[in-house]
Chemist: 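This structure is in structure tokens; I'll ask about it shortly.
Ligands are counted one by one from 1 in listed order, and the atoms in each one are counted from 1 as well. Fair warning: this is a prediction, and the values are worked out from it, not measured in the lab.
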Amino acid sequence: MTSFWCEHAELGAGPVPGVRITVGDGRITAVDRAPAPADGDTRLAGVVLPGFANAHSHAFHRALRGRTHDQGGTFWTWRERMYAVAARLDPDSYLALARATYAEMALAGVTCVGEFHYLHHPAGGGRYADPNAMSEALVQAAADAGVRLTLLDACYLAGGLEGGGHQSLNDVQRRFSDGDADAWAARVSGLEERPGLRLGAAVHSVRAVPAGQLPTVVAAASGRPLHVHLSEQPAENEACGSFYGCSPTQLLAGAGALGPRTTAVHATHLTADDVAALGGTGTGVCACPSTEADLADGVGPFRRLRDAGSPLSLGSDQHAAIDLLGEARLLETSERLVTGERGRFRPAELVEALTVAGHGSLGWADAGRLAPGQRADLVAVRLDSPRTAGAAPDQLVMAATAADVHTVVADGRVIVSGGRHVLGDVGRLLADAIEPLWEQR
Ligand SMILES: [Zn+2]
């Protein structure tokens, strides 16, 4: 047994002062009020929150940070660079990059990541000796960084969608494709869950998966999390409308893809009917506010989706920043900018998105709350930093950043202490993983 004494702890109805959390075998065994630490308690200053779930990640996009803002910095600049990185990765370099990226997440309070994985095969096509070698690199990376992983293996078959139909894959995109949904499902069936790993599935988007292939992916995902990029840009809606005569949300609904195990990522450009369809089926929605801002996507109707019945989670997606507290704050402040109203999401709702809703989206019903029986995931956030000094504990999410996270416990194991990750200098790990990808060849 290990015990942590929390100066304040978020027990579901806001932070309360003086709480002892006892942990055994990676689970919380007791939560007690305790005005002062006892001998043997590890003292956690500030506010202790449940572990954060980063519900949408493309680990390799971390290599793009600070690399896509020249030459006009358009969406096309970003995409050209993303393909350049995608073309260079192999299982070893992918492991190094993902390990460092997941360690950066841990420093930000993330104890579980949903990896939306589509970089499956060798550059130029063909197959690795283990056709899941790139998936296994991600599994190893998460284990090394001490975070849990939900691997959302994405079906990706077409190079895009225009009014006339789907486009063929370009040279880089060929790495992403299994050929058809049956071959995708056959490859994915070779993976097995293990401690710290949950398997889910993903439809890259209606741009990359033709409607006739969708039911195969939905069937393969049965009982598991299913994620899909949805209506991130207006062009997707226009092409879908021209080719199929309906919105992407309607197309997914027709394929049986909506429901409580499904998470729509971005959900930026929706009609009122789309909002009703997502909310009415209990389909989750993952907002990625820093990415949506970086890529000039727009601001989705997240308050309306929540009110319609969609649980909201958060993701750092392309990792223009890895600061989950920042994502939560941006969810609220973006709403303020587009509606002219404050208080669209209460601080407690933002914490819910970071914790219990995020874990729900990734298939971990036993994580995201500080309660007996739950996984022992603790995130301690300073109340005495230059950013947070003077903030009320119950409003900390509107002030704190990743830099204010000082201790992180995942499944009972301390992976960050004093702001330092168990793997050491994460900046160095990131530089060593990223710089070779940009060297001239
Ligand atoms: Zn994405």
Chemist: Could you please compute the angle at the Zn ion (ligand 1) from NE2 of His56 to NE2 of His229, rounded to 10°?
Modeler: 90°
Chemist: Taking 2.8 Å as the cut-off, does His266 contribute an N, O or S atom near the Zn ion (ligand 1), distance below it?
Modeler: no
Chemist: Could you tell me whether Arg303 and Glu349 have a side-chain N and a carboxylate O separated by less than 4.0 Å?
Modeler: yes
Chemist: Between Arg382 and Asp404, is there a salt bridge with N-O shorter than 4.0 Å?
Modeler: no
Chemist: Do you know which of Phe116, Phe60, Tyr156 makes ring pair (Phe, Tyr, Trp, His ring centres under 6.0 Å) with Phe176?
Modeler: Tyr156
Chemist: Do any of the N, O or S atoms of Cys288 sit under 2.8 Å from the Zn ion (ligand 1)?
Modeler: no
Chemist: Pairs of donor and acceptor atoms involving the side chains of residues 274-282, under 3.5 Å and at least two apart or interchain, shall be tabulated with distances.
Modeler:
from, atom 1, to, atom 2, distance (Å)
Asp274, OD1, Ser247, OG, 2.8
Asp274, OD1, Thr271, OG1, 3.4
Asp274, OD2, Thr271, N, 3.1
Asp274, OD2, Thr271, OG1, 3.3
Thr281, OG1, Ala277, O, 2.8
Thr281, OG1, Leu278, O, 3.0
Thr281, OG1, Thr283, OG1, 2.7

